Amino acid sequence: MKLNHINLVVANVEKTTKFFQTYFGFKCVDVKGDYIVSVLKGEGNFTLVLMKNREGTPAYPEAFHIGFMLDTIEQVNYIYQRLKTGGIVGEQEPRKIRDSFGFYFSYENLMIEVGHYYE
């Protein structure tokens with residue numbers, strides 16, 4: 001069994017769609033209305049649905065996050081540098097976290113992890 005899709009509620013669907021396309025290689029395959037909903041496809045045919053929050057800024061539980069686990073430490077560093085150049089992440093560089101190497105950051109009230117599991 002594999003996870004097929006996830007629906008995330010965000011304040012700005014258009015901006016968040018462009019973010020996932022630019023930094024994580026998703027392709028937008030459908031937009032409903034004036035960016036009320038966008039449907040993106042990622043690696044392994046994973047579907048990411050972004051939906052506009054109708055009542056202000058969306059709030060997720062404190063520890064809720066999504067994670068992108070990459071094949072190498074070099075890929076983690078590459079994504080970090082791209083995000084840093086884009087003004088998305090701060091100065092906390094990737095580091096050892098439990099059994100992985102990576103970093104966390106927030107974008108549009110959504111916590112995101114990028115990492116690589118040590119073998």
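Just so we're clear, the structure is a prediction, and the values are computed from it rather than from any experiment.
- Here Ile112 contributes atom CD1 and Phe24 contributes atom CZ; the two are 5.5 Å apart, rounded to the nearest 0.5 Å.
- The salt bridge (Lys or Arg N to Asp or Glu O under 4.0 Å) analysis of residues 59-86, with sequence neighbours excluded, yields the pairs Lys84-Glu91.
- With hydrophobic clusters built from ILVMFWY side chains whose heavy atoms lie under 4.5 angstrom apart, Ile66 shares a cluster with Phe105.
- For the atom pair Tyr60 OH and His65 NE2, the distance stands at 13.5 Å (nearest 0.5 Å).
- Residues Phe19 and Val29 do not share a hydrophobic cluster, defined by chaining ILVMFWY side chains whose heavy atoms lie under 4.5 Å apart.
- Note that OG1 of Thr16 is 6.0 Å distant from CG of Leu50, once rounded to the nearest 0.5 Å.
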- [ ] Please report the C-alpha distance between Val49 and Val37 in whole Å, then the side-chain angles of each, then the deciding distance to 0.1 Å, and finally whether the side chain to side chain contact (heavy atoms under 4.5 Å, CB included) criterion is met.
- [x] CA-CA 7 Å; Val49 179; Val37 173; 3.8 Å; yes
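- In plain terms, the two heavy atoms of Pro58 and Asn109 that are nearest each other are O-ND2, 3.6 Å.
- Here the CD1 atom belonging to Ile79 is positioned 9.0 Å from the CZ atom belonging to Phe68, to the nearest 0.5 angstrom.
- Listed by first and then second residue, the salt bridge (Lys or Arg N to Asp or Glu O under 4.0 Å) pairs involving residues 21-32 are Asp30-Lys32 (not counting sequence neighbours).
- The two atoms that bring Thr72 and His116 nearest to each other are N-ND1, 3.5 Å, heavy atoms only.
- Under the 4.5 Å side-chain heavy-atom criterion for ILVMFWY residues, a single connected hydrophobic cluster contains both Leu40 and Val114.
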Residues 93-100 side chain polar contacts: donor-acceptor under 3.5 Å, at least two apart:
residue	atom	partner	partner atom	Å
Lys96	NZ	Arg98	O	2.5
Arg98	NH2	Tyr104	OH	3.2
Ser100	OG	Ile97	O	2.9

Per-pair distances, 0.1 Å, donor-acceptor, side chain in residues 4-14, under 3.5 Å, sequence neighbours excluded:
residue	atom	partner	partner atom	Å
Asn12	OD1	Glu14	N	3.3
Asn12	OD1	Lys15	N	2.8
Glu14	OE2	Lys18	NZ	3.3

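- Here the side chains of Tyr107 and Val89 are not in contact, with every heavy-atom distance at 4.5 Å or above.
- Among residue pairs with one or both ends in residues 46-55, those qualifying as side-chain hydrogen bond (donor to acceptor under 3.5 Å, both in side chains) are Lys41-Thr47; sequence neighbours excluded.
- Using cut-offs of 30° and 60° for the angle between ring planes, the Tyr80 and Phe103 rings count as perpendicular.
- The list of ring pair (Phe, Tyr, Trp, His ring centres under 6.0 Å) pairs with a residue in residues 26-57, not counting sequence neighbours, reads Phe20-Phe26.
- Follow the hydrophobic side-chain contacts under 4.5 Å out from Met111 and you never reach Met51; the two are in separate clusters.
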